[in-house]
There are 2 protein chains.
Amino acid sequence: MAERGTSIRARVRAELTEEIKKAARAQLAVEGANLSLRAVARELGMASSAVYRYFASRDELLTALIIDAYDALGAAAETADARYKRRTDFAGRWVAVARALREWALTAPSEYALVLGSPVPGYRAPRDTTGPASRTPYVLVGIVAEARDAGQLAPADGPPIPARLRTELAALARTVEVDLDEPLLARTLAAWSQLYGAISFELFGQLDNMIDRRAEWFDYQARGMAAQIGLC
Amino acid sequence: MAERGTSIRARVRAELTEEIKKAARAQLAVEGANLSLRAVARELGMASSAVYRYFASRDELLTALIIDAYDALGAAAETADARYKRRTDFAGRWVAVARALREWALTAPSEYALVLGSPVPGYRAPRDTTGPASRTPYVLVGIVAEARDAGQLAPADGPPIPARLRTELAALARTVEVDLDEPLLARTLAAWSQLYGAISFELFGQLDNMIDRRAEWFDYQARGMAAQIGLC
DNA sequence: TCTCAAACGAGAGCGCTGCTCTCTCTTGTG
DNA sequence: CACAAGAGAGAGCAGCGCTCTCGTTTGAGA
């Protein structure tokens, strides 16, 4: 008998799949990037071979975790922006989203490392991840585009952009359907890269023995990014 | 018989140690972060247990590689700055050093990932690395300090710095013996973090399907950092 | 309602890993 | 010249990812 379009078996299967991922995430949190499929199976009280009914390989499990992490990261960015009240305070929105991303990274460092750290084994997951991966930059770009539409954008400055890079930026804007001109897109992209750098720098221990007031330091940088883009 | 203060045995030992590291680096380059001590031993035609005469554990081998990588990275920065002719073109020097760091990272991606990527197994190497690790930022800070001394620094701007962060920056400047005032140190530190972000962003695949003209894109960002610091 | 193929779980096993221990041979120094 | 320290090899342990085989469960079609 079908229930809600899916059989009971399928439902149980989905639940166990989720439970495996949950246990894997838990182990990842304490063990670092070295995820042991056998340990996950042990945790769940099942034979290691049984896990292979749900994930064809350890890498496939990791891929699933990566996709989930991308989704969680994107969701964090979206809700942070949505919850920000003063919609025309674009710099404030940028900082709020940046903070949310950092905080998500701090609560789930190994998952952040999974998606944005060094590629794990030989190479990374296939490009099933492109969808969820684009949620975060989409939020960032959205803030900038809205600011531009509201006329709240400081006049463009920044280094000159070589002609060929400019055409590539234009092509990029077209393919991802982003309505920003080349200099603005360049500044936004650079700010995104900078944001990623600031979070990774802290998370991967480069700030150790240098700065303890990390939240304040991060805010300083996030405000710098907003200023660099031209958000007011 | 002692030779140059070290016995022959010690010399041979040092050579073999170096050879092990070399083989490990080679394997790391093709295999990613998963370094197999047994494979290294196999490559060298020796029993895996013999390697333990030279490195107490796989982690210790990795630590040695990390220290070497930090040193190589620092050396790349230093020579790039030293070779730059127009000493008062501080923005040019910054960009030259940034380029050198990126190029080193591109030629040895796994070694870069080792030192600046996500911490590998459970946690990272001990703090034997602090010395070599500081060579790169020292070069960057040096350029800024020289520019300031030459009066080639644009007037400070940037986000406000909270008082407590400011005192911590002052303390940091004191402990690492850097002669930069708080706002300038903050801008330099932020630029360093940004530089790290730009390199990692490219190296870890975040630029894939977005920008192909990577050298030009990197230059654009490097120039932006110099401008943000105030280098002329 | 019964049947049977598909789904599932467990266990054994393969080759790999890091690491330890023991045994033998070499080496350089007192 | 003796002998302890250094060095290499090999066996072995527990763990890993993954495969295969063998019973059991289950749910959909006859």
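The model shown is predicted, which means the values in this text are computed figures rather than measured ones. A note on names: the letters A, B, ... follow the listed sequences, proteins ahead of strands, and every chain is numbered from 1.
Side chain A:Arg53 to base C:dG9: a donor-acceptor pair is found below 3.5 Å. For a distance-only test at 3.5 Å, the side chain of B:Ser49 qualifies as a donor-acceptor partner of the base of D:dG10. A donor-acceptor contact under 3.5 Å is not formed by the side chain of B:Arg13 with the base of D:dG6.
For the pair A:Ala50 and B:Leu37, nearest-nucleotide mapping onto DNA chain C gives the more 5' position to A:Ala50.
Considering only side-chain N and O atoms, A:Arg38 lies nowhere under 4.0 angstrom from the phosphate OP1 or OP2 of D:dG15. Between C:dG18 and B:Ser36, a contact under 4.0 Å exists linking OP1 or OP2 to a side-chain N or O. Residue B:Arg42 places at least one side-chain N or O under 4.0 Å from the OP1 or OP2 atom of C:dT17.
Within 4.0 Å of A:Leu44, counting heavy atoms only, lies no atom of the nucleic acid at all. Note on A:Leu61: nothing from the nucleic acid sits closer than 4.0 angstrom, heavy atoms only. Residue contacts shown for B:Ser48 include a base, since a base heavy atom lies under 4.0 Å away.
Between the P atom of D:dA7 and the CD atom of B:Glu15 lies a distance of 13 Å, rounded to the nearest Å. Whole-Å rounding puts the B:Phe55 CZ to D:dA7 C1' distance at 15 Å. Per the geometry, CD belonging to B:Gln27 stands 14 Å off P belonging to C:dC16, to the nearest Å. Atoms CG (B:Leu62) and P (C:dC19) sit 10 Å apart, rounded to a whole Å. Atom CE in A:Met46 sits about 14 Å away from atom P in D:dG17, given to the nearest Å. Protein atom CZ of B:Arg58 is 9 Å distant from nucleotide atom C1' of C:dT17, rounded to whole Å. Rounded to an integer number of Å, the gap from CD1 of A:Ile20 to P of D:dG17 is 13 Å. Atoms OH (A:Tyr52) and P (C:dA10) sit 15 Å apart, rounded to a whole Å.
Using a 4.5 Å heavy-atom cutoff, the side chains of B:Leu106 and B:Arg214 are not in contact.
When the shell of 6.0 Å around CD of B:Glu15 is examined, it contains more than 12 heavy atoms from other residues, nucleotides or ligands.
The cationic group of A:Arg135 does not satisfy the cation-pi geometry with A:Tyr70, failing either the under 6.0 Å distance to the six-membered ring centre or the 45° limit from the ring axis. Relative to the six-membered ring of B:Phe218, B:Arg99 misses at least one condition, a distance below 6.0 Å or an angle of at most 45° to the axis.
B:Leu140 contributes atom CG, which lies 6.5 Å from atom CG of B:Leu101 (distance to the nearest 0.5 angstrom).
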